[in-house]
Number of protein chains: 2
Amino acid sequence: MAGRPRSFDRDEALAAAVELFWRVGYDETSISMLTSAMGVTPPSLYAAFGDKSTLFDEASTLYFDRICEGVDSAAARPTAREAITVMLSETARAHTDTGTPLGCLMLTEPRLAAQREAVNARLTRRIEQGVSDGDLPPTIRPHELASFLMAVMRGMSGCARDGGSPSDVAAIARLALAAIPDPPAAT
Amino acid sequence: MAGRPRSFDRDEALAAAVELFWRVGYDETSISMLTSAMGVTPPSLYAAFGDKSTLFDEASTLYFDRICEGVDSAAARPTAREAITVMLSETARAHTDTGTPLGCLMLTEPRLAAQREAVNARLTRRIEQGVSDGDLPPTIRPHELASFLMAVMRGMSGCARDGGSPSDVAAIARLALAAIPDPPAAT
DNA sequence: TGCAATCCATAGTGAACGCTACAGAAAGAG
DNA sequence: CTCTTTCTGTAGCGTTCACTATGGATTGCA
């Protein structure tokens, strides 16, 4: 019932897989690249994580959870405008962080459309809240604004991956803010 | 000196390659997929177009030329704001055109960063012209606005590929226009 | 009709892919 | 110690990859 314990740290290996998928993408990442980066032989990898697709699911879910923390943290700001401002500037910073791969795995990987849709939904709800709080004008359509912000962040990710400087990416975020109308001044 | 003429139309075969690369992407497109789509056997493909990378260069250049026609056509509008409006709405329409693959090859394919940079440069020049014409305020930085618009269009491409409806994509374009400031009214 | 040139179809190259069978090594349980 | 269980390393499975050698088919030209 006991058996030999595994000789590697599963969490560390998974973190290495996240970094690799993030930097290279799913299709371009081979099993041999994964075993090298994770410090594990193929049979150990398959025993611990299943096949490549299952491993990617787990890795991308781990990544997604971190994204959601950032989204929730930004959404906790008192006004929707502040929430959006924080989200965009934090996105600009993260996408050009030299300590991680450039851009965003969730916004880049074609097969993660469901994650994007989930973030879009959270963003939509926060914007709806902002409308009912009166810090966004009632004329806006929350889902459309959320989709616009998702599009901008995806564009920021692509700009970062193309070698755009942190200030280039931050400028995109700053200009996007100009698209968000102020509410009519309540007297 | 004469020799047997080729039995396929080179332009038609190249157009099929463009469609396939556009729909599937460079890495995910195999030679066998290309030979099927183009109606050509591998030796004929290699004789007519060189290797896969060379074929992609030719196909993406053909695609790029069509993009540039659209950009130039939009840029010919009398004001920069009109030019941008046309460019965004035409992009929204093209990215969801059911007669072609969804999204944009140039904005999607990682190795086409040079083409994106070229479009960004054209856009920057048109915006500079708009500033000097007085139909954009002198406070804007042309390169930043161009990068913002590129980011939005890339986001529109991703939205379309994720299954966003034409009206979803068009809404992104419409909201982006709100980010462009009016010039101070010249009396 | 024969020659030279060019293209096409079959078939297969070596390499890399995702994945796994197998046997030995390392742990707890008795 | 032995037994059982689980992990590890080697080595290789079948498939697909990009790409090409070879030989026959089809043309223009003499």
Side-chain angles (χ1 to χ4, degrees), chain A residues 1-63 101 105 108-112, chain B residues 1-63 101 105 108-112:
Chain A
M1 194 60 185
R4 175 179 175 178
R6 70 162 55 94
S7 64
F8 61 94
D9 184 313
R10 193 179 189 281
D11 291 340
E12 283 180 14
L14 184 58
V18 170
E19 201 273 346
L20 192 56
F21 280 131
W22 185 356
R23 182 160 46 83
V24 183
Y26 179 80
D27 284 317
E28 291 71 23
T29 299
S30 68
I31 296 290
S32 69
M33 292 164 71
L34 285 165
T35 56
S36 296
M38 299 166 78
V40 171
T41 57
S44 299
L45 188 153
Y46 280 86
F49 298 104
D51 65 9
K52 182 183 172 184
S53 178
T54 305
L55 170 58
F56 179 78
D57 288 344
E58 188 172 351
S60 62
T61 299
L62 177 61
Y63 182 93
L105 173 62
T108 307
E109 192 60 48
R111 67 176 59 193
L112 295 182
Chain B
M1 195 60 185
R4 174 180 174 179
R6 71 162 53 95
S7 63
F8 62 93
D9 183 314
R10 192 179 189 283
D11 290 340
E12 283 180 13
L14 184 58
V18 169
E19 200 273 346
L20 191 57
F21 281 130
W22 186 355
R23 181 160 47 83
V24 183
Y26 179 80
D27 284 318
E28 291 71 23
T29 300
S30 69
I31 296 291
S32 69
M33 292 165 72
L34 284 164
T35 55
S36 296
M38 298 165 77
V40 170
T41 58
S44 298
L45 187 155
Y46 280 85
F49 297 104
D51 65 10
K52 182 183 172 184
S53 179
T54 305
L55 170 57
F56 179 78
D57 288 344
E58 188 171 353
S60 61
T61 298
L62 178 59
Y63 182 92
L105 173 63
T108 306
E109 192 59 49
R111 66 176 61 196
L112 296 182

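Each chain gets a letter, A, B and so on, in the order its sequence line appears, and its residues count up from 1.
The residue among A/F8 and B/K52 whose nearest nucleotide of DNA chain D is located toward the 5' end is A/F8. Taking the nucleotide of DNA chain C with the nearest heavy atom to each of B/R6 and B/P43, the more 5' of the two is matched to B/R6. For the pair A/P42 and A/M33, nearest-nucleotide mapping onto DNA chain C gives the more 5' position to A/M33.
Nucleic acid contact for B/T29: sugar-phosphate only, since backbone atoms but no base atoms lie under 4.0 Å from a heavy atom of the residue. B/T35 comes within 4.0 angstrom of nothing in the nucleic acid, heavy atoms only. Across all strands, A/P5 comes closer than 4.0 Å only to sugar-phosphate atoms, never to a base (heavy-atom distances).
Figure legend: cation-pi geometry between A/K52 and A/F21 absent, as NZ or CZ is not positioned both under 6.0 Å from the six-membered ring centre and within 45° of its axis.
Side chains of A/F56 and A/L112 form a contact here, defined as non-hydrogen atoms less than 4.5 Å apart. Residues B/S53 and B/R111 have side chains in contact (heavy-atom distance under 4.5 Å, counting atoms from C-beta outward). Residues A/L62 and A/V18 form a side-chain contact, since some pair of their non-hydrogen atoms from C-beta on lies under 4.5 Å apart.
Computed from coordinates, the A/L34 CG to C/dC17 C1' distance equals 13 Å when rounded to whole Å. In this structure, B/I31 places its CD1 atom 21 Å from P of D/dT15, rounding to the nearest Å. Nucleotide C/dC17 holds its P atom 12 Å from the CD atom of A/E28, rounded to whole Å. Rounded to a whole Å, the CG atom of B/D51 is 9 Å from the C1' atom of D/dA18. Nucleotide C/dG18 holds its P atom 10 Å from the CG atom of A/D27, rounded to whole Å. Between the P atom of D/dT5 and the CZ atom of A/R4 lies a distance of 17 Å, rounded to the nearest Å. In this structure, the CZ atom of A/R10 is 12 Å from the P atom of D/dT8, given to the nearest Å. Between the CG atom of A/L45 and the P atom of D/dT10 there is a distance of 16 Å, given to the nearest Å.
Residue A/S30 has a polar side-chain atom (N or O) positioned under 4.0 Å from OP1 or OP2 of C/dC17. At the phosphate of D/dC7, neither OP1 nor OP2 sits under 4.0 Å from any side-chain N or O atom of A/S44. An OP1 or OP2 oxygen of C/dC8 is reached within less than 4.0 angstrom by a side-chain nitrogen or oxygen of B/S7. Between B/Y46 and D/dT20 there is no side-chain polar atom (N or O) within less than 4.0 angstrom of OP1 or OP2. The shortest distance between the side-chain N/O atoms of A/S32 and the OP1/OP2 oxygens of C/dC17 is below 4.0 Å.
Residues A/D51 and A/T54 have side chains that bring a donor and an acceptor to within less than 3.5 angstrom of each other.
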